[in-house]
Structure formats: structure tokens, C-alpha cells
Asks: 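Okay, handing you the structure first.
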Amino acid sequence: MHKTLTALSISAAAMLPTVSFAVDYSDDIHKNDYKWLQFNLMYALEELPRSPDAHSGHDYLEMEFGGRSGIFDLYGYVDVFDLTDHDASDKNDGVKIFMKFAPRLSLDAMTKRDLSIGPFQEFYIATLFNWDGGYAKESDFPPVNNSFWGIGSDVQVPWFGKVGLNLYGLYDINNKDWNGLQLSTNWFKPFYTFPNDSFIAYQGYIDYQFAADDTFKGNSQANHGGVMFNGFYWHSDRYAVGYGFKLYNDVYLIEDTSSFESTGISHYFSVTYKF
């Protein structure tokens, strides 16, 4: 099978290879290099945050990619929303494109030393960038322009295997200021394999923000909140099909109110082609 994983976007964190690679890079920092690309055709229902009276769903195409090259570990995707330009889409006449770009720099590869400690296999300088097409900065909906800076690791966890773990500080590029911390983790666990070597996997992530102020640049916000994605997918060499749901709590530090919901559940359906 390809050394690739499938994760649903929306947040989500970095992807991990399905096998445990050595972390001793003293002989060759490129010995664990790999790369992958896939296209996910998706439909989302009741994605948050949203107004209670908003339309409930939208289609989108996700171009997802990742890999390893020397010191660089990379995960990212580009989403193109409302492909059918449907009036009933909750993305109609809204932001068309969203991008997540999450490069990490391996401290093990940079120093050519095995820095692993117990279950912590490899350590990274971890970064994450979120961007969208956005509207004008002076509008009611300024474009997403966030960056995250911190440390990360690949951790061996019972049953789950290798799990990505990153701790970031959030720097809001629009406002030129820091806005709390984020703890992110992601996983991919095949748990049933068919005779033809296709398999079913439980995959997902958690992004949890905390230690934020009650106000940021004069605007009220939650001081903690986040999202958890839980996906169940059938995988073959070239295809994947699956369903996932997200659990939200004051997501993006937006306080949940009766007029604008940021706490609840949403649903995602996906078909994938792997290149």
C-alpha cells in the first residue's frame, strides 16, 4: 500500500506515514523521504460556525498533499468551495478558497542525532498557516490570516501507533498580535483489513485552543475551545470512501450564542482518488 494517509480537512494538523521510520539521521537525512497527493470530493452538512437559519451544506474539492524531504515534514491542502454554485449552499457568494499549510522542521534531521525519548520518536519545530480568499480587511468578515509557531513530536501511543502532537502559539497576522495557544494531535489507525488488502481506518484530529484572553483587539471571545474530527474510511491503493463527524466547542474562540452557533456537530462525506 502507498505510504499515505487520508485525513479530512477542516482543520485538521499533519499527516503521518503508516510505518514507523527510524529516527537516526546521522547517515542520510533523506532516507525517509516520501510524497503523496490526493483529491477529495466532499460534502459537508451543518458545518460550524454558522447562523441557525443558514443553509445547511456545501460541496467542495480538496487537493491534499504531504510528504517528507530531508529536514522538512509537510502536510497541507487547498479547498475550493461550492463547485456547483448552488443557491442553497452555505458557501454560496462566500469565500471560495481556503488553504492550510503545515511544514515542520525535524530537529533530529537538523542535528543528525536521535533525540527520541521513550514514546517521543522525533522532535520538530512546528508551524501552521491558515489562509482564505477572504473579503476586504475592513469588512465584517476579514480574511483568515493566521500563523501558529511551536514545537511538535511524533509519539507512539498504545493501539493508535504513531500520533502527531504539536503545541503552538497563535499569531494573528491581520492583527499583528498573539492570541493564546493551540494543542493539536492527529491519528490514523487501520483496524480491519480485507483479504484484498484494502482496509477500514479510524482517523481524525483534535485542535484545542486555550490560554486566550476574554477579549482580543477589543472583541469579546472565548478563552478556550476547539474541534475534534472522527472519520471512518475504507482505503484501497487508489481510492478511499468515508464519513466523518466533527464535534465543536466554541470553535475558533467564537462564543456560542443563539444567533451564531459555534458549538455542536457537523457531518462530512468524502470520496478520494490517490495519485
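As the structure is a prediction and not an experimental result, all values here were calculated from the model.
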Asks: Quick one about E47 and Y268 (side-chain donor to acceptor, distance below 3.5 Å, no hydrogens or angles considered), yes or no?
Replies: yes

Asks: Can you tell me if D256 uses its side chain to pair, donor with acceptor, with the backbone of N249 under 3.5 Å?
Replies: no

Asks: Y205 and L48: same hydrophobic cluster, using ILVMFWY side-chain contacts below 4.5 Å?
Replies: yes

Asks: For the aromatic rings, using the six-membered ring if either is Trp, is the centroid distance between F129 and W149 under 6.0 Å?
Replies: yes

Asks: Of all residues at least two apart in sequence or in a different chain, which pass the salt bridge (charged side-chain N to carboxylate O under 4.0 Å, His left out) check with K112?
Replies: none

Asks: Is a side-chain N or O of K246 found less than 3.5 angstrom from the main chain of G264, in a donor-acceptor match?
Replies: no

Asks: Does T111 use its side chain to pair, donor to acceptor, with the backbone of L107 at less than 3.5 Å?
Replies: yes

Asks: Kindly say whether D24 contributes a backbone atom to a donor-acceptor pair with the side chain of K31 at under 3.5 angstrom?
Replies: yes

Asks: On a heavy-atom basis, which atom in Y248 and which in S262 lie closest, and how many Å separate them?
Replies: CB-O, 3.5 Å

Asks: Which one of F81, F98, F269 satisfies the ring pair (Phe, Tyr, Trp, His ring centres under 6.0 Å) criterion with H58?
Replies: F81

Asks: Would you mind checking if R104 and D73 are paired as a salt bridge, meaning a charged N to carboxylate O distance below 4.0 Å?
Replies: yes

Asks: Given 3.5 Å as the limit, does a donor-acceptor pair link the side chain of T263 with the main chain of D250, or not?
Replies: yes

Asks: Any side-chain heavy-atom pair from R50 and S56 closer than 4.5 angstrom?
Replies: yes

Asks: For the CG atom of D154 and the OH atom of Y124, what is their distance to the nearest 0.5 Å?
Replies: 3.5 Å

Asks: Is there a side-chain contact between F216 and W178, using heavy atoms and a 4.5 Å cut-off?
Replies: no

Asks: Using modelled atom types only, decide if a donor and an acceptor are shared between the side chain of S89 and the backbone of K91 within a distance under 3.5 Å.
Replies: yes

Asks: Spell out, as yes or no, whether a donor-acceptor pair under 3.5 Å connects the side chain of H267 to the backbone of F245.
Replies: no

Asks: Could I get the full list of salt bridge (charged side-chain N to carboxylate O under 4.0 Å, His left out) partners for D28, not counting sequence neighbours?
Replies: none

Asks: State yes or no: are the ring centers of Y273 and Y239 separated by less than 6.0 Å?
Replies: yes

Asks: For N175 and D177, indicate whether the former's side chain and the latter's backbone hold a donor-acceptor pair under 3.5 Å.
Replies: no

Asks: Between F199 and H235, is the ring centre distance below 6.0 Å?
Replies: yes

Asks: Do we get K189 above W159's six-membered ring, with its NZ or CZ under 6.0 Å from the centre and within 45° of the axis?
Replies: yes

Asks: Whether the side chain of S106 engages the backbone of I71 through a donor-acceptor N/O pair (distance < 3.5 Å, no angle test) should be reported.
Replies: no

